[in-house]
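Here's the structure we're looking at; comments come further down.
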Amino acid sequence: MPDLTETPLLLLDRDRLDGNILRMRNTLAPFDVTLRPHVKTNKCLEVTERLFEGAKGPITVSTLREAEFFFAAGYTDILYGVGIAPNKFAHAARLLEQGAALKLVLDNLQTARLLADFARDCDSSFEVLLEVDCDGHRSGIPPDSPLLVDIARLLEGSGVKVSGVMTHAGNAYDSQSRSDIEAFARQEREAVVNAAGLLRKAGFETPIVSVGSTPTALFAQDLAGVTEVRAGVFAFFDLVMAGLGVCDVQEIAVSVLTTVIGHQPEKGWVIVDAGWMALSRDQGTAKQRVDQGYGVVCDLSGRPVADLIVTAANQEHGIITSRSANPAAVQALPVGTQLRILPNHACATAAQHAGYHVLAEERRVGYWPRISGW
Ligand SMILES: Cc1ncc(COP(=O)(O)O)c(C=O)c1O
């Protein structure tokens with residue numbers, strides 16, 4: 001490991017990243033779908049570039065800030081995957097005027113009416129995907145609801161074109177088995193294909209049929225009728241994905257480099273300089289079969305150390321303990337020892353940092369900045 005002495009900092013293993021991207025591309029290759037990766041996971045030009053083989057998109061973003069940033073770097077086909085709010089219409093219109101093929105998402109008549117009025121008043125043209133609720137996870141229109149056609153009819157002839165439907169199988173993250181994930185993938189596909197069918201029957205072309213989450217993208221057995229897959233966390237993977245059986249712990253590409261700053265031997269604690277500011281507060285594995293606390297502790301080469309996890313996180317302090325209260329495991333880590341902590345949720349942990357210290361074959365090969373904010 002090169003000179004990375006001041007911690008905590010975010011590491012990105014470039015070979016694991018490339019391997020994860022290749023796995024997604026190979027998995028989707030037999031299907032007639034486009035990968036529209038969600039770049040909210042990385043928020044970084046260098047990582048996003050590696051998601052494509054020379055192409056500039058298409059991409060999914062979670063903020064208009066990301067849309068703006070990636071558009072400035074040459075990505076034009078951008079889906080803003082969070083329901084649009086009226087206070088963002090003007091920002092979206094600006095991006096469209098500059099030449100972005102920006103697609104917005106909405107799931108209700110109220111937003112549709114407001115967007116149609118805005119488009120008319122400003123003489124702008126918008127493209128939207130109607131959000132479909134495939135599993136009760138959060139927003140969206142039920143796949144068999146007449147509301148889909150009502151919204152499309154309301155927008156007909158306005159400056160807002162309905163280009164398709166999209167859904168996100170968020171409940172797949174609660175799967176207990178591979179067959180659960182496969183069932184969520186079936187449900188996700190059926191929801192958008194049925195919703196697109198309703199719209200087409202009513203005379204709306206509906207060219208885009210968009211699904212996507214990492215678990216369903218990797219385990220879908222049938223994508224007939226789907227035109228694109230959005231997945232994001234697959235590029236990095238994390239402990240939540242490993243807990244679901246979607247990846248191996250050894251495939252997780254991001255980790256937080258931290259240093260041992262002290263011990264509480266009678267409690268079996270090792271104290272490190274990575275608290276929740278560096279790791280995030282995400283405890284996404286708490287409801288899985290194995291609760292990984294705030295992260296799995298690895299050595300400098302990225303291999304898990306005994307059964308150590310971060311069990312508590314203050315702002316700048318992390319507390320490491322052995323799952324089996326093995327005193328030898330914690331005594332072997334003197335002050336100054338550097339460790340790598342694997343994250344529960346890669347998107348949340350990466351968001352705590354300004355950029356990635358990139359490693360290839362255990363050597364530092366660069367620093368890739370991230371953007372943040374809205
Ligand atoms: C709308 C939407 N699409 C796609 C994704 C990507 O899912 P994943 O992070 O499981 O790859 C997300 C993730 O939250 C999402 O909200």
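Below, all heavy atoms of this structure are taken into account, side chains as well, without hydrogens, waters or symmetry copies. As the structure lists them, so they are numbered: ligands from 1, and atoms in each ligand from 1. Bear in mind that the values here come from a model prediction, so they are computed numbers and not experimental data.
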Open item on the list: Going by ring-ring contact (aromatic ring centres under 6.0 Å, His included), name the pairs with one or both residues in residues 83-116, residues two or more places apart or in two chains.
Closed with: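 Matches after skipping sequence neighbours: F89-F118.
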
- [ ] Please report which non-hydrogen protein atom sits nearest to atom 10 (O) of ligand 1, along with the residue it belongs to and the distance in Å to one decimal place.
- [x]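 Going by distance alone, atom 10 (O) of ligand 1 is nearest to Y173 OH, 2.4 Å.
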
TODO: Give the residue, atom name and distance (to 0.1 Å) of the protein heavy atom nearest atom 12 (C) of ligand 1.
DONE: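 Of every protein heavy atom, H168 CE1, 3.4 Å lies nearest to atom 12 (C) of ligand 1.
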
Task: Proximity of F184 and Y173 rings by center, below 6.0 Å - done: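 No, the ring of F184 stays outside the 6.0 Å limit from the ring of Y173, centre to centre.
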
Compute the shortest N/O to N/O distance between [X] and ligand 1 and return yes if it is under 3.5 Å, no if not.
X	result
H38	no
M166	no
T41	no

Numbered atoms and elements of ligand 1 in range of [X], under 4.0 angstrom, heavy atoms:
X	result
G81	1 (C)
G232	6 (C), 8 (P), 11 (O)
G212	3 (N), 4 (C), 5 (C)

- [ ] Take S163 and E127 through the side-chain hydrogen bond (donor to acceptor under 3.5 Å, both in side chains) test and state the conclusion after the steps.
- [x] CA-CA 6 Å; S163 291; E127 239 186 286; 2.7 Å; yes

Open item on the list: Please classify the R138 to ligand 1 contact at 4.0 Å (heavy-atom distances, strictly less than): side chain, backbone, both or neither.
Closed with: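 Answer for R138: side chain.
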
Open item on the list: For K40, state whether at least one heavy atom is located under 4.0 Å from any atom of ligand 1.
Closed with: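 K40: in contact with ligand 1 (<4.0 Å).
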
Between [Y] and [X], is the closest basic N to carboxylate O distance under 4.0 Å?
X	Y	result
E190	R186	no
K103	D77	yes
R36	E228	yes

Open item on the list: Evaluate N42 against T48 for side-chain hydrogen bond (donor to acceptor under 3.5 Å, both in side chains), listing each step before the verdict.
Closed with: CA-CA 7 Å; N42 69 71; T48 296; 2.9 Å; yes

